[in-house]
Amino acid sequence: MLRPLLSLLLGSTLLLGVAVPLGVTAIAGLTMPERAGGSLIRREGQVIGSALIGQNFEGDRWFRGRPSATSAAPYDASSSAASQLGPTSAALLAAVTERVSGAREVPADAATASGSGLDPHISPESARRQIARIAAARNLPVQRLATLVEQNIEARELGLLGEPRVNVLRINLALEAFR
Amino acid sequence: MTLIGWAQIALVLGCALLLAVPVGRWLAALAEGRLGGLARLDAAVLRAAGVDASRGQSWQGFLLAMLAFNAAGFALLYAILRLQGVLPLNPQGFASIPPYLAFNTAISFVTNTNWQAYSGEAAMSHLSQMMGLAVQNFLSAATGIALAFAVMRAFATGGVTQLGNFWADLTRITLWLLLPGTLLAAFAFIAMGVPQTLAASVIAATPSGGEQTIALGPVAFQLAIKHLGTNGGGFFGVNSLHPFEGPSALATSLQIVLQVVLPFGLCLAFGRIVGDARQGRALLAVMVGFVLVATLSIYAAEAAGNPLHIAAGVSPIQGNMEGKDVRFGLALAALFTATTTGASCGAVNAMIDSFTPLGGLVPLFLIQLGEVLPGGVGSGLYGMLVFALLAVFIAGLMVGRTPEYLGKKVQAREVKLAMLAVLVLPAVILGFTAAALVLPMGLASLQDAGPHGLTEMLYAYSSAAGNNGSAFGGLTADTPWLNTTLGLSMLLGRFAFVIPVLAIAGSLAAKPRAPEGPGTLPTHGPLFIGLLAGVILILGGLQYLPSLALGPIAEHFAMLAGQTF
Amino acid sequence: MQSAPALFDSAIIRQAAIDAVRKLNPGHLVRNPVIFVTEVVSILVTLLAARDAAAGIPWGFQAGVAAWLWLTVLFATFAEAVAEGRGKARAASLRAARGDTMARFVPLPEDTTQTIPRAAGELRRGDHVLVEAGEIIPSDGEIVQGIASVNESAVTGESAPVIREAGGDRSAVTGGTLVVSDRILVRITAEAGGTFLDRMIAMVEGASRQKTPNEIALDILLAGMTIIFLIAVVTLVGFASYSGAAPSVVVLAALLVTLIPTTIGGLLSAIGIAGMDRLVRFNVLATSGRAVEAAGDVDVLLLDKTGTITFGNRQAAAFIAAPGVSETEIAEAAVLASLADETPEGRSILAFARERYGITLPAMTPEARPVPFTAQTRMSGMDLPSGSYRKGAVDSLAATLNQAVPAALSAGIDRIARTGATPLAVAKDGRILGAIELKDIVKPGMRERFAELRRMGIRTVMVTGDNRLTAAAIAAEAGVDDFLAEANPQEKLDYIRAQQAGGRLVAMAGDGTNDAPALAQADVGLAMQTGTQAAREAGNMVDLDSDPTKLIEVVEIGKQLLITRGALTTFSIANDVAKYFAILPAIFVTQYPGLAALNVMGLTSPQSAILSAVIFNALIIVALVPLALRGVAYASLGAAALLRRNLLIYGLGGLVAPFIGIKIIDVLLTLIGVA
């Protein structure tokens, strides 16, 4: 029994733990380097983020992403985390109430923290509600921003899966390009 | 709930069922040693490993080999974690994992639970992830399927004492099923944007003027086996919610398909092996039925939103979005949650802790029902067969014959062993949870007060004992008390269950297979499907009602009454 | 069939009430884990109620719960006692028959003139005794010399004496039966205390009752469920304490007892005893409960053709006329030719002609000259002035008359032979008028019974010494599934073994010494009381009425026994749902007022809710005692239809009934002001 035990345990550790993953990494690096490397967005050679990872945008001049509950700072992509607050949590209700700040019909994604803390998207409705604020801060015509939002709405995948959404990093990069 | 949401659920579940057909065929071929063109290669590998596939093992022999192999796997993984700090491939320079956590983690991955009391990107080196955790993802899954093969053979044959050869099964399942499946899925995930790189992280200079450290790693390969093997241990702390583990709705859909295709396929393989495809389809129907009901319940509960938040001014249109990411949508979150908890996978694409009380009750109850809906790879099928034996026993009496399942008489020995197996989960779950709820070292870990705190604790032990591994979050899991008791729960949930199951297999294998006649209770029609579902609910679920009443149900009514904790 | 005592005979009930209390002895109850746990809990709650009463704390509720928990246990022991009581009444009459006989021991069997008086209880196996008219046979034995008519009513309930004689298949005698005429020398075949009558008494009293395999399996299931709910209730203390509730031990005890399967636990042994009792009342004696259970599992039924499926003798079934002869003509000729035939076959011709053609027997005139039937001539006949009538085997008649069978008739005669029947030719004045078809007549209703068995999933196999042709014809007519022709004992045995090797359970009935190996091999061997001692010992059941078709009823009783257990188990488990809805909100409504929404029955108060559940749980046992004793009605539907029906009644019924029952009890408690 010892021989099959040891040869299968050590063999599989070397095969499945070293050879295959390294092989897969190598092939992926050769065939799909962009995606295998984290879908990074570069500007002038400098990595400015990943298309898949949300970033923290603050202030009135940006489209803001969803509330993030990562621990050290919002959108900490080295340590993903959710609030883990339950539905009857007083702390959660307080946070939601603060985010809503007296408004009505606030889109749920804008009032609640994402699960990953790194959600790159917001709902189209959430983006639309930010137009007036950004237009005022940047002194841009509302209509232009409205068009920008509509252009940046990503449809459901394969026309069916998931939800329509707006990638916050991408729309903000487009917003920057207005200057 | 929207029509599009329903269509998403139907499409993804439909794809999983379609894929389960060829997978089931291949599983049956593997179990029967029909390897086609791979036969020569297979023989060479087995010879090299010193395995004689033709030498069958008795149930005790099979059990002993399985236990020894898993014990050795535990020792190796424990050593890797404890020595992580001095081993190579540790670009972030993480320290070695402390003893309690290493104990908990090693058991967790060996038992196919993948409960994680750590956050992957903040604690585990690449070497630990690749050579330690990912390898056990393969081996624990292969162990489960090998056990299922042994049980299937017991039903298929009669008057024999041998259940097959554990080593041969393990090798074949790993090499000819899990590895190719994982490779295909891994490349699909990379194409969808899941990273597969040895780089540990990259620092981005963000447009808003800040800096963002983005953790990276060889994610795709581990992600693929994590779902295919119903392991569920994520590379990152937030598991499949992390945009690198779940970059899109398509990726999350593929994960759903992967985590149910083997449990589904095993049912069909079972039908093939016992020579009556309808038998496999009946078990599958029970599983799919529960998954559907659970999915729709979660979907409905989450889509209704949180009345407290709606009262505070949140629009009810999107439903409850706390702990969820935008890209998946509620329908896929509901289906993912139902399948991950039903299938003992434990990966998450939405934070169950932040679900509405009833939305959270469903996954918890699915785990407590014994992880058979559809259950983990292998463990789902053999767990389901235990329930089938009990259902047949009760129903068989009602048609006036000594109960028979697939021509095997269900007698005192089988009932005794099946009840032993069924006892394991409630004893472990209710026992440890009740202790943790009164002992200070248990209570210290709770984040939430009130009924939600009770649910968090109940969920943790249910998840561990059910070898699920998903977390209700909100629990500081990395404490000596929780690491130890949850570790024990996982150990008992896996092996204390498996031992009686293999003993049943040994007993059934020796019995002759009686031919089916008009007086035989049919075990493939809608009547039996309904009966089996009822037995699972009553025998598997009734004992949890008091704890559920004090947890999610109490919280539900509190929420409706506007109460917070 | 024995007359059954009324379901609730008052004498039995009185005795059962006393026995029920006696059975509270924990040493006895420990055999029944569910009820044992209930008793332990009852003791605990009683002590707590007493403590509260002593401390001056309100104790009415605690005492109420304690009382009803005790009643739960009592009802369970009562059910068992009633079931046993019905058997005991019969055992008493059997015991009277056994009495304390003095036997005439014969030291030297060669010399029957020398006898020594010896008590029946002191006789050993192999001893010889002499029994004369008016004496009771002291023990089971075999007649080695003589012939006697014996009144066996003490055992069989049938008062007409039967003939018993040395040698052959009628040599066995039973202790306790009365010799009515003549005198016999009997060799004793049973040790004292081990006679048929002793076994029968033990069986009906339930003294030697051992748990059957299915009962053991069910017991394990129930014990497992008890443990599961024990865990659920004990751990509830922790859950409750976290939630700020502290349910009293009394309340938790009530929850536990209502959740564990007390209904089936309390009725399980009563069901088993009642099943045996049903069999006994059917005049079938099983050597063990295991045999009765096996009867329910039977897949193949081996029945002898002669005497079981058919009447066992050939009878006239048709007249076939030659061309130009009317049927009445041949019928009259057949009657006249058969008047002198005293064999059963000859008489059957007269009966058939009378029934079918209304032909009455002609008055015998003095000139009539009968030609009686002989085995040599194989003919009979009558010479009358009106003509000379003959009937007999076709070939012998044709040879005697020196006349060939008319071609038109020979086709009909061939057909008769082909179907396994026997053709006889009828002639008048040397001319063949036609033929009589003699055949083995299948007993009425057999075809329907076999169809019923088929629906139950049981194949019937006819065993006969006939040739294949005859066997096939009768098999087709009787509607059996298969037949074993030209069967000898070895072939019977081989057939049974082959069926068993294929995983099938076989039942057979038999009486001869020849049958003994097959009876022993069969899973259910029903021996006839009139049969040999060897057959009676080889089988695991004895039919006192010696009616082999009773195997069918035995199978039904076996199935009914299993169904009753399964149905009440399902009912018991399904009951739990409603009990949760009654008790859970009652315990926790103070901590979480919202849980009042779970009080779907709208029960008045937490205390009345808990008490109502406990009371329902106790009363349902009593309510189901009649069902447990009578057994769930069995219908020979297919397995699927049977399951659907029973699931609907006992599964769904078990789900719904307690909601209604608990609500009614709660209303009553509220009305009388207890709650």
Side-chain angles (χ1 to χ4, degrees), chain A residues 3-5 7-9 12-13 16-17 21 24-25 28 32 35-39 46-50 52-53 55 57 77-82 84-90 93 96-97 100 103-109 111-112 114-116 118-121 123 157 161-163 165 172 176, chain B residues 8 49-51 68-69 72 122 130-131 135 138 167 186 190 193 195-197 202 204-206 208 212-216 218 221 236-238 241-243 247 249-250 253 306 308-309 312-315 318 321-327 329 350-351 353 356 448 452 473-474 555 558-559 564-565:
Chain A
R3 185 170 158 214
L5 191 157
S7 45
L8 290 182
L9 185 61
S12 55
T13 302
L16 306 170
V24 171
T25 312
M32 302 179 272
R35 283 173 276 192
S39 310
Q46 168 65 42
V47 175
I48 59 163
S50 164
L52 297 174
I53 304 287
Q55 291 184 3
F57 288 96
S78 68
S79 187
S80 55
Q84 303 288 11
L85 292 174
T88 55
S89 157
L93 183 59
V96 167
T97 311
V100 167
R104 303 305 306 164
E105 294 295 306
V106 175
D109 67 306
T112 52
S114 64
S116 60
L118 304 172
D119 194 344
H121 301 110
S123 66
E157 295 164 47
L161 297 174
E163 292 293 320
R165 63 216 175 274
N172 278 330
E176 258 195 323
Chain B
Q8 293 174 5
V51 177
F69 186 72
M130 288 163 55
M131 285 184 68
V135 171
F138 278 95
W167 308 112
I190 296 169
Q196 177 71 26
T197 168
V202 59
T206 63
S208 59
Q212 189 183 34
T213 305
I214 301 173
L216 285 166
F221 184 68
F236 296 106
V238 293
L241 259 167
H242 195 290
L250 190 62
S253 302
N306 185 328
L308 299 173
H309 298 176
V314 175
S315 155
Q318 280 174 283
M321 285 299 287
E322 178 71 24
K324 298 190 185 73
D325 278 15
V326 171
R327 60 192 175 284
M351 286 302 167
D353 199 12
T356 58
D448 289 71
H452 196 77
E555 190 186 13
M559 183 180 79
T564 59
F565 297 90

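Each chain gets a letter, A, B and so on, in the order its sequence line appears, and its residues count up from 1. What you see is a predicted model, and the numbers here were worked out from it, not measured in a lab.
- Among the candidates Pro87(A), Pro107(A), Gly17(A), the residue making the largest number of heavy-atom pairs closer than 4.5 Å to chain B is Pro87(A).
- Note that the OG1 atom of Thr88(A) and the CD atom of Glu555(B) stand 3.5 Å from one another [nearest 0.5 Å].
- Look at Arg327(B) and Asp119(A) and you find a salt bridge, because one of the NZ, NE, NH1 or NH2 atoms lies within 4.0 Å of a carboxylate O, short of that distance.
- The two residues Pro120(A) and Pro243(B) have their closest heavy-atom pair at CD-CG, 4.1 Å.
- Both the backbone and the side chain of Ser89(A) come within less than 4.5 Å of a heavy atom of chain B.
- At a 4.5 Å heavy-atom cutoff, the contact between Val96(A) and chain B is made by side-chain atoms alone.
- Of the atoms belonging to Ala103(A), it is backbone heavy atoms, and not side-chain ones, that fall under 4.5 Å from chain B.
- In this structure, chain B has a heavy atom under 4.5 Å from the side chain of Val100(A), while its backbone stays farther away.
- Between the CG atom of Leu16(A) and the CE atom of Met130(B) there is a distance of 11.0 Å, given to the nearest 0.5 Å.
- For the atom pair Phe236(B) CZ and Ser116(A) OG, the distance stands at 11.0 Å (nearest 0.5 Å).
- Listed for the Gln318(B) side chain is a donor-acceptor partner under 3.5 Å among the backbone atoms of Ala108(A).
- Here the closest non-hydrogen pair linking Ala249(B) and Glu157(A) is N-OE2, 2.7 Å.
- Not one N or O on the side chain of Glu322(B) forms a donor-acceptor pair closer than 3.5 Å with the backbone of Thr112(A).
- Of the inter-residue distances, the one linking Leu118(A) atom CG with Ile214(B) atom CD1 reads 9.0 Å to the nearest 0.5 angstrom.
- Put simply, of Gln8(B), His452(B), Met131(B), Met351(B), the one with the most heavy-atom pairs under 4.5 Å next to chain A is Gln8(B).
- Without hydrogens or angle criteria, Asp325(B) side chain to Gly115(A) main chain gives a donor-acceptor distance under 3.5 Å.
- When the candidates Gly313(B), Gly329(B), Ala72(B) are compared by the number of heavy-atom contacts under 4.5 Å with chain A, Gly313(B) comes out ahead.
- Using a 4.5 Å cut-off between heavy atoms, Ala350(B) makes no contact with chain A at all.
- Shown here for Ala49(B) and Ser7(A), the closest heavy-atom pair between the two residues is O-OG, 3.2 Å.
- With sequence neighbours excluded, the residues that form a side chain to side chain contact (heavy atoms under 4.5 Å, CB included) with Ser253(B) are Leu161(A), Val12(B), Leu332(B).
- Remark: Gln55(A) engages Phe57(A), Leu169(A), Thr206(B), Pro207(B), Gln212(B) in a side chain to side chain contact (heavy atoms under 4.5 Å, CB included) (not counting sequence neighbours).
- Judged by distance alone, with hydrogens and angles left aside, the side-chain atoms of Asp109(A) form no donor-acceptor pair with the main-chain N or O of Met321(B) at under 3.5 Å.
- Proximity to chain A (any heavy atom under 4.5 Å) is shown, for Phe565(B), by both the backbone and the side chain.
- With chain A as the partner, the residue from Thr197(B), Ile190(B), Val51(B) showing the most heavy-atom pairs under 4.5 Å is Ile190(B).
- Interface summary for chain B: among Leu93(A), Asn172(A), Leu9(A), the most heavy-atom pairs under 4.5 angstrom belong to Leu9(A).
- Of all non-hydrogen atoms in Thr564(B) and Ala90(A), the two that sit nearest each other are OG1-CB, 3.7 Å.
- Interface residue Leu216(B): only side-chain heavy atoms are found under 4.5 Å from chain A.
- Your options are Ser78(A), Ala82(A), Ser123(A), Ala81(A), and the one with the most heavy-atom pairs under 4.5 Å with chain B is Ser78(A).
- Panel note: side chain Ser80(A), backbone Val238(B); a donor-acceptor pair is recorded below 3.5 Å.
- Heavy atoms only, all atoms of each residue included: Trp167(B) and Leu8(A) are closest at CE3-CD1, 3.7 Å.
- Nearest heavy-atom pair across Ala111(A) and Val314(B) is CB-CG2, 3.7 Å.
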